[in-house]
Amino acid sequence: MPSILIIDDNASVATALEVLFSLHDIDAVHALSPDEGLALLEQQPVDLVIQDMNFTEDTTSGEEGEALFQQIRARHPDLPVILLTAWTHLSSAVDLVKAGAADYLAKPWDDRKLLTTVNNLLELSETRRELDRRRAREQRDRSALEARYDLRGAVVADSASERVVNLACQVARSELPVLITGPNGAGKEKIAEIIQANSLVAKGAFVALNCGAIPSELIEAELFGTEAGAYTGANKAREGKFEAADGGTLFLDEIGNLSLGGQMKLLRVLETGRFERLGSNRERQVKVRVISATNADLPAMIRDGQFREDLYYRLNTVELALPPLAERPGDILPLAERFLGDGKPLSNAAASALQRHAWPGNVRELRNVIQRAGLLAQGPRIEVGDLNLPRVAAPPRAATPAADPDRSRIESALSHSHGIIAQAAAELGLSRQALYRRMDRYGIPRE
């Protein structure tokens with residue numbers, strides 16, 4: 001059962017509120033002074049506070065209520081507070097709402113309006129507590145993941161990246177090929193490093209080859225090696241990546257750039273562990289764990305005849321889909337702090353700008369932005385201007401109907417939110433108080 005603390009020097013007011021709430025399955029306790037109320041807050045859990053603005057006879061300034069509110073905020077910053085005042089100017093209460101109070105109501109109050117406000121705030125409080133519990137649970141899971149596996153220093157702060165890393169650690173000790181999909185710069189190679197570090201061949205070599213950075217006619221030579229005289233300029237024998245990775249892991253990035261001939265040879269190596277250097281007839285045997293990655297749509301390439309279907313299914317025994325950075329917002333600031341190291345900290349405005357940015361270049365773009373800003377920032381902190389992010393076009397100015405919704409839009413928003421004022425107000429782009437005023441204007445009941 002939710003619990004409310006009433007702080008009011010008028011015992012009859014406190015009793016009336018206690019009775020009202022008890023009729024609606026809400027537990028209420030009351031205190032007759034600010035000191036008593038603060039003491040009760042320390043003694044028992046409370047979901048909501050309703051406080052008066054004046055506690056001394058013949059006092060109307062609201063200064064006592066403001067002082068009490070500030071003390072509650074300092075000790076319990078997430079606790080919602082409703083202000084009650086008997087004075088029509090309400091200026092102090094309005095200022096406190098701007099400072100973070102949940103709402104204010106004038107005495108004598110309307111029971112229906114008060115209950116609607118209280119129920120909305122209690123529901124929001126429960127939602128906030130559930131979110132806090134989920135975050136605590138996720139943090140425990142991440143700590144357990146870091147304690148159990150070698151994450152190679154990866155930042156895993158968002159649930160989306162945590163799911164990918166957790167799956168990577170689970171499949172690491174198998175010998176099955178793994179395909180990592182995701183956009184450029186998202187961190188696919190880091191996932192491959194995590195798989196290697198937790199695999200049965202963790203002590204072996206980790207060899208990486210970016211198939212997209214090498215001309216197609218040279219990729220096979222890079223993979224399988226060459227004998228002297230295999231082609232013009234091949235003056236001596238050279239081992240390929242498969243030989244270099246023997247007993248370890250070979251990471252093939254941008255596998256979609258491999259030629260059809262190279263794909264056929266790669267498929268044979270995956271199936272038999274055997275291959276020939278270019279210019280040689282002697283087969284060589286290796287044991288290599290292959291991890292591949294791509295930002296391409298391989299099924300579409302198969303339909304277009306650009307990628308072998310049998311190779312795709314051989315590589316895709318386990319697929320790890322790494323989302324773009326924009327879909328892992330919890331990773332943005334921790335990654336930025338990692339890239340900053342012991343350098344200048346981010347200002348609050350700069351941190352907000354990083355979270356608003358779309359990051360088309362993903363983690364690679366973030367690293368470049370942070371490193372440049374850390375080098376060029378002149379002040380003690382990195383400010384928005386130091387980030388040199390592209391300007392986002394201002395959204396078009398809302399038309400009058402959108403800025404001042406009519407009765408039908410308000411009723412529709414209330415219906416969508418099932419009567420939860422905070423959600424309806426957010427949908428309409430209004431504050432709770434502004435929505436209440438419009439509901440009263442149109443005669444919409446606060447139920």
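Numbers for residues simply follow the sequence, beginning at 1.
- Scanning all heavy atoms of the two residues, the minimum distance from L151 to E146 falls at CD1-CG, 3.5 Å.
- I194 is not listed as a side-chain neighbour of Y149, based on a closest heavy-atom distance of 4.5 Å or more.
- Looking only at side-chain heavy atoms (C-beta outward), P34 and Q51 stay at 4.5 Å or farther from each other.
- When the shell of 6.0 Å around CG of N348 is examined, it contains 12 or fewer heavy atoms from other residues, nucleotides or ligands.
- Among the candidates T317, L320, L298, I291, the single residue satisfying the side-chain contact (heavy atoms from CB on, under 4.5 Å) test with L179 is L298.
- Nearest approach of Q263 to F307, heavy atoms of both residues: OE1-CA, 3.4 Å.
- Checked by atom type and distance alone, the side chain of R372 pairs as donor or acceptor with a backbone atom of L387 at under 3.5 Å.
- Considering every non-hydrogen atom in both E383 and S347, the closest pair reads OE1-OG, 2.9 Å.
- With values rounded to the nearest 0.5 angstrom, E18 atom CD is found 5.0 Å from I6 atom CD1.
- Closest approach of L84 and D52 over heavy atoms only: O-OD1, 3.1 Å.
- In summary, of the residues considered (R308, E271, E309), a side-chain contact (heavy atoms from CB on, under 4.5 Å) with R314 occurs for E271 alone.
- Counting heavy atoms of neighbouring residues, nucleotides and ligands inside a 6.0 Å radius, atom OH of Y442 exceeds 12 of them.
- Side-chain atoms of N166 do not come within 3.5 Å of backbone N or O of E162 as any donor-acceptor pair.
- Side-chain N or O atoms of Q378 include one that pairs as donor or acceptor with a backbone N or O of L376 at under 3.5 Å.
- A salt bridge links R328 to D331: at least one charged side-chain nitrogen sits closer than 4.0 Å to a carboxylate oxygen.
- Counting heavy atoms from C-beta on, the side chains of R367 and L335 never come closer than 4.5 Å.
- Of all heavy-atom pairs between S292 and F251, the closest is C-CE1, 4.3 Å.
- A 4.5 Å side-chain heavy-atom check between N184 and K188 finds at least one atom pair inside the cut-off.
- R289 places no side-chain N or O within donor-acceptor distance of the main-chain N or O of L250, the cut-off being under 3.5 Å.
- Across all their heavy atoms, I7 and S33 have their closest contact at CG2-O, 3.6 Å.
- Taking 4.5 Å as the limit, some side-chain heavy atom of V363 sits within range of a side-chain heavy atom of F339.
- The line from CD1 of I255 to CG of L311 is 6.5 Å long, rounded to the nearest 0.5 Å.
- Looking only at side-chain heavy atoms (C-beta outward), K344 and L340 stay at 4.5 Å or farther from each other.
- Results of the side-chain contact (heavy atoms from CB on, under 4.5 Å) test with L17 over D8, I4, L114 single out L114 as the only residue that passes.
- Shown here is R407, whose CZ atom has more than 12 heavy atoms of other residues, nucleotides or ligands within 6.0 Å.
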